[in-house]
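Written below as structure tokens is the structure these notes are about.
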2 protein chains.
Amino acid sequence: MKARVTVTLKQGVLDPQGKAIEGALKALGIDGVASVRQGKVFDVEVPGDDRGRAEAALKAAAERLLANTVIEDYRVEIVG
Amino acid sequence: MKARVTVTLKQGVLDPQGKAIEGALKALGIDGVASVRQGKVFDVEVPGDDRGRAEAALKAAAERLLANTVIEDYRVEIVG
């Protein structure tokens, strides 16, 4: 089973990397992008067909390793 | 308009960061995760309502700054 865990900064948390990207896009002459926030994505292969078990394992992985839940939100999706 | 650009490593490109995450998950006792590949996600705010123009700007941003197209694939989605 394939799954994707997406980790993004919580609203209100400053994102200097996103700000740097905004500046770089302007410097490149690419207009029409107002604000950028960067996050992380993890494409995960989970053995077996038990969707509930996979979601539980990925939730544990996100809570304990992939996301810093003080400043980040995460979302687990089973994609196929 | 909100959009998301997802950048992932092309198939066959080694991902040492993903391998390190796999090792760390095993060390934490989280089983049931076979393989991990890490990518990046950019949540972008685009002014205006012109979907085609937004997609063109984001494609340019991905090609020129956000993705290294030698080793990475990208996907642009308008999310609302």
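A, B, ... follow the sequence lines: proteins, then strands. Residue 1 opens every chain.
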Selection from A:Ala24, A:Ser35, A:Ala34 maximising heavy-atom pairs under 4.5 Å formed with chain B
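Option with the greatest count: A:Ser35.
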With a 4.5 angstrom heavy-atom cut-off, which part of B:Asp31 approaches chain A: side chain, backbone, both or neither?
backbone
Interface moiety of B:Leu9 toward chain A, non-hydrogen atoms closer than 4.5 Å:
neither
For atom [atom1] of [X], is the number of surrounding heavy atoms from other residues, nucleotides or ligands below 6.0 Å larger than 12?
X       : atom1 : result
A:Lys10 : NZ    : yes
B:Lys2  : NZ    : no
A:Gln17 : CD    : no

How many angstroms lie between atom CD of B:Glu22 and atom CZ of A:Phe42, to the nearest 0.5 angstrom?
12.0 Å
I need the B:Glu63 CD to A:Leu28 CG distance, nearest 0.5 Å.
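Result: 12.5 Å between the selected atoms.
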How far apart are the C-alpha atoms of B:Thr6 and A:Arg4, what are their side-chain angles, what is the distance that settles it, and do they pass the side-chain contact (heavy atoms from CB on, under 4.5 Å) test?
CA-CA 12 Å; B:Thr6 310; A:Arg4 171 167 279 187; 3.7 Å; yes
Measure distances from A:Leu25 to the heavy atoms of chain B and classify the residue's part below 4.5 Å as side chain, backbone, both or neither.
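When you check distances to chain B, atoms from both the backbone and side chain of A:Leu25 fall under 4.5 Å.
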Within residues 47-58 of chain B, the residues sitting under 4.5 Å from chain A by heavy atom, in sequence order, are B:Pro47, B:Ala57, B:Leu58
Residues B:Lys40 and A:Val41: closest non-hydrogen pair is N-CG1, 3.6 Å
hydrophobic_cluster_shared for B:Val79 and B:Val44, side chain cutoff 4.5 Å:
no
Please answer: with hydrophobic residues joined when any side-chain heavy atoms are less than 4.5 Å apart, are A:Val7 and B:Val7 in the same cluster?
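In one cluster with A:Val7: B:Val7, no.
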